[in-house]
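Below is one structure, written out as C-alpha cells, with a few remarks after it.
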Number of protein chains: 2
Amino acid sequence: MLASSTVENYLKAIHMGANGLRPGQRLLPMGQLAASLGVTPGTATTMAKTLADAGLAEYEPYAGVALTSQGERLAGLVLRRHRLVELFLVRVMGFGWDEVHDEAEHLEHVVSDRLIERIDEMLGHPEVDPHGDPIPNADGAIVTQPQDTLLTCPVGQPVVVTRVLDQNRAFLQFVETNQLKPGETIRVEGRDESADSVVVSGSSDRRLALGTRAASKLQVRAAG
Amino acid sequence: MLASSTVENYLKAIHMGANGLRPGQRLLPMGQLAASLGVTPGTATTMAKTLADAGLAEYEPYAGVALTSQGERLAGLVLRRHRLVELFLVRVMGFGWDEVHDEAEHLEHVVSDRLIERIDEMLGHPEVDPHGDPIPNADGAIVTQPQDTLLTCPVGQPVVVTRVLDQNRAFLQFVETNQLKPGETIRVEGRDESADSVVVSGSSDRRLALGTRAASKLQVRAAG
DNA sequence: CATATAGTTTTGAGCGGTCAAAAACAAGAA
DNA sequence: TTCTTGTTTTTGACCGCTCAAAACTATATG
C-alpha cells in the first residue's frame, strides 16, 4: 500500500483542489494540481496515473483527476493529523495560530497513530482546528455542513466567525488584528457589488471594508 | 548544505558506532556502519564518500569513516532533537519510556528549531533524556564525563543508576520491572568473573543476577 | 470548418538512495 | 612469500520523484 509523504501531499492537494471547483466540475485539471504542489504538469500527470493504478484516484486523460473513496479516506487521515497537530501546537505548545501551518505540514507525515490519538484525547476530541477547519475522524471521514460566508450571510444580523479558508500567514495576521478570528461575533453592515466590497463591524463598533475575495474566505453562522 | 533524513541517519550511526570502538580505533568500518543502518556495505561506502565530499566526514578507503567536527555538530543536533522529543513524549504526552524511541526516530528529522527550543524550555532545559542519555546543547555539543558501569563501580557501595545504554524495548522493560531505571539506588553485591555475572540488590533487598553483557549497559554514579 | 491557443501527455534525462554481484584489497596462515 | 578468507569497493541496474522540451489533444474563434 502506497503511502510516501509525496503521495500524501498529492492526495491532500487533490482533495483541497476539488473543493475549489465550480459546481458540476468533478475532475481537478492537471494544471491546477501541479500549480498547487509547485510541480510541473508532466509530473502531476505521472503521479495521477500512479494514484489511479493504486486505486486511490480516478484519472481521465485531458480531463483531470478525482479521489476514489479510498483516496478520500487517506486524504482525510492526513488532514486529521495536520489539523490535530496544528491545534496541539496552539493549545499545548503556545504557538500563534498563524505560525503552525508549516510545522504541521511536516509533522502530518510522520506522527504515529498512537501519538495522534493521544493528542486527540488530550485536546478533548476537538471538532475543528485553530482556523475552524473540521478535523476528520479516525476513519478519515469529514463531517461538514455547508456554511455561509460574509458574502452570503444575512445583512445586519450578528454572526460568529467559524472558519478562515486561507492559511496564508499575512492573511491570518490581518484576520487576527481585525478581530475576525473564529469565535468573534461580527455583523455585515452592507455589501456593494460594484465596489466589490463588504463592510463589517465588530463588537467595538469599528467598521472595516473587505474585498469580496477576502470576504469569501470567512465562514460564519448566525450568532446566538 | 546536505541534510536529508538519510544523511542525518548516517551521521547519527557513525557517531554512535564510533562510541563502540575499541580504544585506539578511530575509524568506523563500513561493514559495521552498514549493519547498523540495515544497508548494504556498498551503499554505506557510497554515502561515506558523499559525506566526505560535503566535509561532514573523513573517509579512508578500506579503513573506515569518522565524523569531522562539523559532522559531529550535525549529529549532535539530531541527537538533541531525538532526546528532547523522547523526554517530551514521556513527560508531557504520558508515554512509557520504553515506547518512545521509534516515534522519536521519525520526529527527529522533521521537528523545527522553533519547536525543539519550545520543548526544551517547557521541559526546563533538561540535561538527560528518559534513558539518561545526555541532551546535546543547541550547538550540537555533547558534554559527557566518563561514567562507571555496574562492571566497574565499587562493590558494596550504594550507587544511583544514571543511564541505560540500550534502546531495545525488551531490555528497557526488564530494567523497569527490576527497578533499575535511572534514578534508582542500588548496590553491587559481588561479581563473579567466571560465571560472567554481577549480583545487585535494590532498596527492597531483593537480589538479582545480571550477565556482564547486561551489567555493562547500566551506568551509575556514587549515591549521595 | 480550419486554425490558433491553452492545457496536457510523452519522452528522455537526472538525482538521491538503494541493491546484487563482480572485482579488488588487507592481513593472517601456510 | 603465496594463498585464503573476510571485508571493501566498483559496476550496472532499479525505483521514486522530478524537470525540460517536444508531441499531442480539446476547445474556442474566426
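Only a predicted model underlies this, so the values are computations on that prediction, with no experimental measurement involved. The sequence lines fix the lettering, A, B, ..., with proteins before strands; numbering per chain opens at 1. Scope of the values below: all heavy atoms of this structure, side chains included, with no hydrogens, waters or symmetry mates.
The backbone N or O of A/H131 sits nowhere less than 3.5 Å from a side-chain atom of A/R83 that would complete a donor-acceptor pair. At distances below 3.5 Å, at least one donor-acceptor pair connects side-chain atoms of B/T68 with backbone N or O atoms of B/L56.
Look at A/Y10 and you'll find a side-chain N or O under 4.0 angstrom from OP1 or OP2 of D/dT18. Dashed line: the shortest gap from a side-chain N or O of A/K49 to OP1 or OP2 of C/dT10 is under 4.0 Å. Contact annotation: B/T43 does not reach the phosphate of C/dT18 (side-chain N/O to OP1 or OP2, under 4.0 Å).
Out of D/dT10, C/dT10, C/dT8, the shortest distance to the side chain of A/M30 is found at C/dT8.
If you take CD of A/E8 and P of D/dC17, they are 11 Å apart, rounded to a whole angstrom. Spacing between atom OH of A/Y62 and atom C1' of C/dA6 amounts to 13 Å, rounded to whole angstrom units. Spacing between atom CG of B/L27 and atom P of D/dT8 amounts to 11 Å, rounded to whole angstrom units. Taking atom CG of residue B/L33 and atom C1' of nucleotide D/dT8, one finds them 12 Å apart after rounding to whole Å. Atoms CG (B/L28) and C1' (D/dT8) sit 13 Å apart, rounded to a whole Å.
Nucleic acid contact for A/T6: sugar-phosphate only, since backbone atoms but no base atoms lie under 4.0 Å from a heavy atom of the residue. Nucleic acid contact for A/S4: sugar-phosphate only, since backbone atoms but no base atoms lie under 4.0 Å from a heavy atom of the residue. B/G31 comes within contact range of the sugar-phosphate backbone alone, with a heavy-atom separation under 4.0 Å but no base atom that close.
For the contact set between residues 11-26 of chain A and DNA chain D, defined by any heavy atom under 4.0 Å, there are no members.
Listed here is the closest heavy atom pair of A/N168 and A/D166: N-OD1, 2.7 Å.
Residues A/T50 and B/T45 each lie close to DNA chain D; by heavy-atom proximity, the contact nearer the 5' end of the strand is made by B/T45.
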